[in-house]
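Below is one structure, written out as structure tokens; comments come after it.
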Amino acid sequence: MSIKTLEEMTRQALQQRNPHMSFGWQGGEPTLMGLSFFKKAVEFQTKYGAGKTVGNGFQTNGILLNTAWAEFFKEYNFLIGLSLDGPEHIHDHYRIKKNGKGSWKKVYNSAKMLLAAGVETNALIVVNDYSVNFPEEIYAFHKELGLNYMQFIPCVETDPAHPENAAPFSVSAEQYGVFLTKVFDLWHADIKDGIATTSVRYFDSVFYNYVGLEAPECTLSKICGGYLVVEHNGNVYSCDFFVDGDWKLGNVMTGSMQEMLNSDRQNEFGNLKADLPVECITCEWLKKCWGGCTKDRIRDPKDKGSNHFCESYKIFFNHADTKLNELAVEWKSNQQR
């Protein structure tokens with residue numbers, strides 16, 4: 001992204017009336033832009049964001065991080081999402097460097113460096129066909145390391161050789177469902193006096209629905225489309241999972257981001273989430289998951305609109321519903337005191 005595009009994107013974003021604005025920096029790998037680029041980003045946020053609270057999230061594989069990055073993140077309160085899949089044998093099963101060696105040691109050291117510097121750091125954990133077999137080991141590893149905020153991301157991609165199937169490294173719906181139940185039990189066991197001492201993003205977000213609040217995770221909302229994606233060339237899209245011609249809304253250098261966000265096309269995209277198949281509409285868990293992420297519903301034509309991970313969620317809710325309801329009752333009681 002050019003500095004000119006960076007400035008225009010920031011200027012327009014901070015023209016919004018909302019007193020809070022969050023920027024999520026992703027790539028590929030955003031550290032490839034260099035630290036100077038993000039210093040410029042903060043400079044523009046300061047210039048155009050007077051009176052606003054501005055947050056920055058930064059998703060990285062940790063390979064290029066050093067103390068200069070850590071000091072910068074700490075100074076400006078960046079929230080880091082670090083891609084660390086677990087212990088060495090799990091992380092390095094797929095995350096191999098160009099020289100054929102694993103990347104775990106470097107990423108592990110980056111995690112320790114960030115935590116030592118006081119940088120807010122979350123673990124981004126991809127669940128694939130191998131790592132899905134080790135929920136207890138993964139959870140314990142991150143907890144021991146001090147990464148008490150975890151986000152589990154199920155891996156599924158289309159097999160190029162057989163487009164009707166998922167790629168071999170993808171996790172199956174049943175496997176992921178069982179994985180979630182095991183992690184849930186670990187998470188639930190760590191609750192002390194009604195408060196979770198470890199955060200798992202999916203469980204935290206699901207809990208909002210259990211207490212009658214709107215979940216912060218867009219995949220658990222009735223509709224989506226509440227943010228925009230700006231690519232390196234200034235092109236604007238509806239969602240980072242839909243960066244294609246069908247959902248291009250315009251360009252920051254020639255159009256208004258505010259108009260794009262409130263456009264009929266963006267509203268159409270957001271409402272796709274609510275266009276649910278009969279299976280979802282008649283499901284007992286509808287108001288807990290709202291059909292999941294749109295991308296997982298339209299990827300597989302053979303499923304006729306069903307979510308790729310539908311079975312995962314049914315397995316999870318059947319397992320966790322009673323305990324989540326009990327927690328919700330306790331939470332509501334505490335709120336009334």
Side-chain angles (χ1 to χ4, degrees), residues 1 5-6 8-9 12-13 16 21-30 57-59 81 83 124 126-128 151-160 163-167 169-171 173 176 201-202 205 214-277 279-280 289-310 312-313:
M1 180 178 284
T5 301
L6 171 65
E8 181 60 18
M9 176 190 72
Q12 287 199 37
Q16 308 297 313
M21 179 59 61
S22 294
F23 294 83
W25 303 99
Q26 300 182 18
E29 174 51 45
F58 194 97
Q59 185 170 323
S83 295
L124 301 181
V126 173
V127 183
N128 53 53
Q151 180 179 347
F152 294 96
I153 306 165
C155 179
V156 58
E157 290 186 21
T158 301
D159 187 346
E164 70 278 9
N165 297 326
F169 51 78
S170 301
V171 61
Y176 186 56
R201 186 187 181 197
Y202 181 70
S205 295
E214 184 175 350
E217 187 175 326
C218 55
T219 63
L220 295 170
S221 300
K222 292 182 183 180
I223 61 173
C224 56
Y227 69 92
L228 296 175
V229 172
V230 183
E231 285 291 288
H232 67 95
N233 58 5
N235 284 345
V236 180
Y237 297 87
S238 296
C239 170
D240 50 324
F241 292 112
F242 291 84
V243 178
D244 56 48
D246 288 344
W247 297 107
K248 178 183 174 183
L249 303 176
N251 188 286
V252 296
M253 305 307 293
T254 57
S256 163
M257 288 173 62
Q258 183 169 342
E259 291 178 1
M260 295 177 211
L261 183 62
N262 294 289
S263 66
D264 290 342
R265 188 60 172 159
Q266 181 68 348
N267 288 334
E268 181 184 351
F269 172 80
N271 288 327
L272 276 178
K273 192 176 189 311
D275 185 17
L276 298 172
E279 179 185 13
C280 288
C289 90
W290 294 109
C293 182
T294 304
K295 76 176 187 332
D296 294 324
R297 288 212 329 270
I298 68 175
R299 175 191 290 107
D300 304 326
K302 63 182 176 63
D303 288 339
K304 299 179 181 179
S306 297
N307 193 298
H308 181 89
F309 292 108
C310 180
S312 308
Y313 303 140

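- Within the structure, ring pair (Phe, Tyr, Trp, His ring centres under 6.0 Å) pairs that include any residue of residues 250-274 comprise F242-F269, W247-F269 (at least two apart or interchain).
- Residues K273 and N271 form no side-chain contact, since every pair of their non-hydrogen atoms from C-beta on lies 4.5 Å or further apart.
- Judged by distance alone, with hydrogens and angles left aside, the side-chain atoms of S205 form no donor-acceptor pair with the main-chain N or O of Y202 at under 3.5 Å.
- Two residues are said to be in side-chain contact when any heavy atoms from C-beta on lie closer than 4.5 Å; D296 and V156 meet this criterion.
- Between N235 and N251, the side chains place a donor N or O and an acceptor N or O closer than 3.5 Å (distance only, hydrogens not considered).
- Atom SG of C224 and atom CD of Q266 lie 8.0 Å apart (nearest 0.5 Å).
- The heavy-atom pair separating S238 from L249 by the smallest distance is OG-CD2, 3.8 Å.
- Between the side chain of S312 and the backbone N or O of A173 there is at least one donor-acceptor pair closer than 3.5 Å.
- The closest side-chain heavy-atom distance from C289 to L220 is below 4.5 Å.
- Remark: the backbone N or O of F169 is not paired with any side-chain donor or acceptor of E157 at under 3.5 angstrom.
- A distance of 6.5 Å separates OG of S83 from CD1 of I153, quoted to the nearest 0.5 Å.
- Of the possible polar contacts, none joining the Q26 side chain to the F58 backbone as a donor-acceptor pair under 3.5 Å is found.
- The main-chain N or O of G291 is found under 3.5 Å from a side-chain atom of N307 such that the two form a donor-acceptor pair.
- Here the CD atom belonging to E29 is positioned 9.0 Å from the CD atom belonging to Q59, to the nearest 0.5 angstrom.
- Here the closest non-hydrogen pair linking C310 and E279 is SG-OE2, 3.5 Å.
- Taking CE of M1 as the reference point, atom CD of E8 lies at 11.0 Å (rounded to 0.5 Å).
- In this structure, the side chain of R297 does not engage the main chain of L276 through any donor-acceptor pair within 3.5 Å.
- Proximity of V171 to F309: side-chain heavy atoms (C-beta onward) are separated by under 4.5 Å at one or more points.
- Side-chain contact between F152 and V127 is present, with heavy atoms from C-beta onward closer than 4.5 Å.
- Using modelled atom types, one side-chain atom of Q12 and one backbone atom of V252 make a donor-acceptor pair closer than 3.5 Å.
- Annotation: salt bridge (charged side-chain N to carboxylate O under 4.0 Å, His left out) contacts involving residues 217-245, sequence neighbours excluded, comprise R201-E217.
- Pairs of residues two or more places apart, or lying in two chains, that qualify as side chain to side chain donor-acceptor pair (under 3.5 Å) and include a residue from residues 252-265 are R265-E268.
- When every heavy atom of T5 is checked against every heavy atom of N233, the shortest pair comes out as CG2-C, 4.4 Å.
- Taking the six-membered ring where the residue is Trp, F23 and W25 present parallel rings, their angle staying beneath 30° rather than reaching 60°.
- Distance check, rounded to the nearest 0.5 Å: OG of S170 to NE2 of H308 gives 6.0 Å.
- Looking at C280 and W290, their side chains never come closer than 4.5 Å, going by heavy atoms from C-beta outward.
- Inter-residue side-chain proximity for L228 and Y237 is flagged as unmet; no heavy-atom pair is nearer than 4.5 Å.
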